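Notes for the one structure printed next.
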Amino acid sequence: MLDPRLLRNDPQSVAVALARRGFEFDAAGYAALEEKRKALQTRAESLQAERNQRSKAIGKAKAAGEDIEPLKEAVAGLGAQLDQAKAELETIAEQLNDIQSGLPNLPDADMPDGADEDDNVVVRHWGEPPSFDFEVADHVAVGEKLHGLDAATAAKITGARFTIMQGGVARLHRALIAYMIDKHVASGYTEVNVPYIVNSKSLYGTGQLPKFGDDLFRLAEPDDYYLIPTAEVPVSNMVAGEIVEPERLPLRYVAHTPCFRAEAGSAGRDVRGMIRQHQFEKVELINIAHPDQSDACHEAMLASAESVLQDLELAYRVVDLCGGDIGFSAARTFDLEVWLPSQQTYREISSISNTRDFQARRMGARYRDAETGKPRLLHTLNGSGVAAGRALVAVLENHQRADGSVGVPAALRPYMGGIDVIEPTVE
RNA sequence: GGAGAGGUGGCCGAGUGGUCGAAGGCGCUCCCCUGCUAAGGGAGUAAGGGGUUUAUAGCCCCUUCGAGGGUUCGAAUCCCUCCCUCUCCGCCA
């Protein structure tokens, strides 16, 4: 949510800023609605003030043993007027609120302009895409050869966009997760284990609702809950409604969770393999920061995620998302894209965003300002460190060998019982 | 699931229809005292919103005692619904 004061005082500048991300904001219409709101609110509040005053007078008269009947008669007409004024105000307030909750975040000044992902700016590359002296297989073929990936059986059990991992591949997946969590904990993150099911309020707080409900799996019964699309939702909402003492900042959390996404609207995309699943696992980094710290936190999170890929010996590039590609809640986002030999291209494996006070305002997440003692909105940041499913894909593809085996990066060997290669198993 | 208790400010905790945004305590801030430390004395200290305004200063006003309805001139206090927490029982990983 954007600062309502900014929307009121300078809707035109908001419209200009949001246009950079291809969002059309009707500043004039909003301003007109605001004018109405102001008039209605002033009227409702002055009626309320009058009634409060009169009621107080009745109280005093009664305490003094006076006859209060005439005083009560004098208030008689006020109630109906007040109710009507309140109802009118509420109608307008709802309209304003609907508009506000649908507005995406203001982009940072540094965010690149652009219409779509083709306009994202490549910041840097790390590592060389590996060369192979045999014909590379994609991760599906590699996984099948290892008897480690089985989409068909998962489809029987559930449906499309699910996978069964087994044997060495399942263990590799688990190793990736354990390694990543341990690494981030070693660099100062606090490991948290959080609910994978959340209520709508939490999803509103991080910005998935009300606009993006179609992307979510919803549990209608026995409660109106949702499966999380990312750990960002439960972890960020840990500070919802809280006032955090400044000396605790930044809060740095790492969480491993499954993520559930309906993938509405992506039918036909990445249908083969594990790139785009309804269920995948992710190690997520969350920072809850003082506004002065948030840029530094953003950089540090990016570095943390990068070092995972470096440890895994995977070539990647860092991309600065442009206005046409950046997410609803983010002011600035860096993606990590890992090299996939089968596709001869870089694919997203991590997305690291600073939402500034956008989510904090929706969640009511604040810190106490050391100087003024007043509560101020926090900044929240989230980033994958990294997506486990896609990391598995990247390792299978980049470390595959001609004989169908897959090399285990040194960083993962302690988590793989010391083995340095996954061999095809006989069923 | 059954029975009971409870949800009040940063925290703890009083408060069963009016003068209560709310006693008291803790914490915090400032001042005084004490040659350090500890203790002591005094003052202050909720949040959100609107109007006015160059202003997140001041002033005026509204709202908020788990959430939402209701009764009433007036609700933290009474009634209804829901949510959450705790205790005991049941069940269960």
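Note that the structure is a prediction, hence the values are computed from the model and not measured. As a basis for the values below, the full set of heavy atoms in this structure was taken, side chains included, without hydrogen atoms, waters or symmetry mates.
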Any strand: nucleotide that pairs with [N] via Watson-Crick or wobble, under 3.5 Å:
{"N": "B:G9", "answer": "none"}
{"N": "B:G44", "answer": "B:C28"}
{"N": "B:U19", "answer": "none"}
{"N": "B:G58", "answer": "B:U52"}
{"N": "B:U87", "answer": "B:A3"}

OP1 or OP2 of [N] less than 4.0 angstrom from a side-chain nitrogen or oxygen of [X], does that happen here?
{"X": "A:Gln41", "N": "B:G51", "value": "no"}
{"X": "A:Arg366", "N": "B:G48", "value": "yes"}
{"X": "A:Asn52", "N": "B:C61", "value": "no"}
{"X": "A:Arg37", "N": "B:G50", "value": "no"}
{"X": "A:Arg51", "N": "B:G74", "value": "yes"}

Exercise for the section: Check every strand shown and say whether A:Pro375 touches a base, only sugar-phosphate, or nothing at a heavy-atom separation below 4.0 Å. Expected result: sugar-phosphate
Exercise for the section: Give one of base, sugar-phosphate or nothing for A:Lys72, where a contact means two heavy atoms less than 4.0 Å apart. Expected result: base
Completion exercise
Assign each of A:Arg376 and A:Lys38 the nucleotide of RNA chain B bearing its closest heavy atom; nearer the 5' end lies the nucleotide of A:Lys38
Handout entry: Toward the 5' end of RNA chain B, by each residue's nearest nucleotide, A:Ala49 or A:Lys374
Key = A:Lys374
Problem - A:His379 ring center near A:Phe358 ring center (under 6.0 Å) - result: no
In whole Å, measure the gap between the [atom1] atoms of [N] and [M] for me.
{"N": "B:G49", "M": "B:G4", "atom1": "P", "value": "42 Å"}
{"N": "B:A23", "M": "B:A76", "atom1": "C1'", "value": "14 Å"}
{"N": "B:G9", "M": "B:C65", "atom1": "P", "value": "10 Å"}

[X] [atom1] to [N] [atom2]: how many Å, rounded?
{"X": "A:Asn193", "N": "B:A93", "atom1": "CG", "atom2": "P", "result": "20 Å"}
{"X": "A:Glu245", "N": "B:C11", "atom1": "CD", "atom2": "C1'", "result": "10 Å"}
{"X": "A:Lys86", "N": "B:C62", "atom1": "NZ", "atom2": "P", "result": "12 Å"}
{"X": "A:Asn9", "N": "B:G50", "atom1": "CG", "atom2": "C1'", "result": "13 Å"}
{"X": "A:Leu78", "N": "B:C62", "atom1": "CG", "atom2": "P", "result": "13 Å"}

Fill in the blank from the handout: Per atom distances to the A:Arg5 side chain, the nearest of B:C73, B:U56, B:C61 is B:U56
Handout entry: Where A:Glu34 and A:Arg8 come nearest, the two heavy atoms and their spacing
Key = OE1-CD, 3.0 Å
Exercise for the section: Please name the pair of heavy atoms, one in A:Arg161 and one in A:Asp270, separated by the smallest distance, quoted to 0.1 Å. Expected result: NH1-O, 3.4 Å
Problem - Plane angle bin for A:Phe212 and A:Phe328 - parallel if under 30°, tilted between 30 and 60°, otherwise perpendicular - result: perpendicular
Exercise for the section: Dump the intermediate steps for side chain to side chain donor-acceptor pair (under 3.5 Å) on A:Ser329 and A:Asn105, then the final yes or no. Expected result: CA-CA 5 Å; A:Ser329 298; A:Asn105 201 358; over 6 Å; no
Problem - Name of the residue among A:Asp3, A:Asp292, A:Asp295 meeting salt bridge (charged side-chain N to carboxylate O under 4.0 Å, His left out) with A:Arg356 - result: A:Asp295
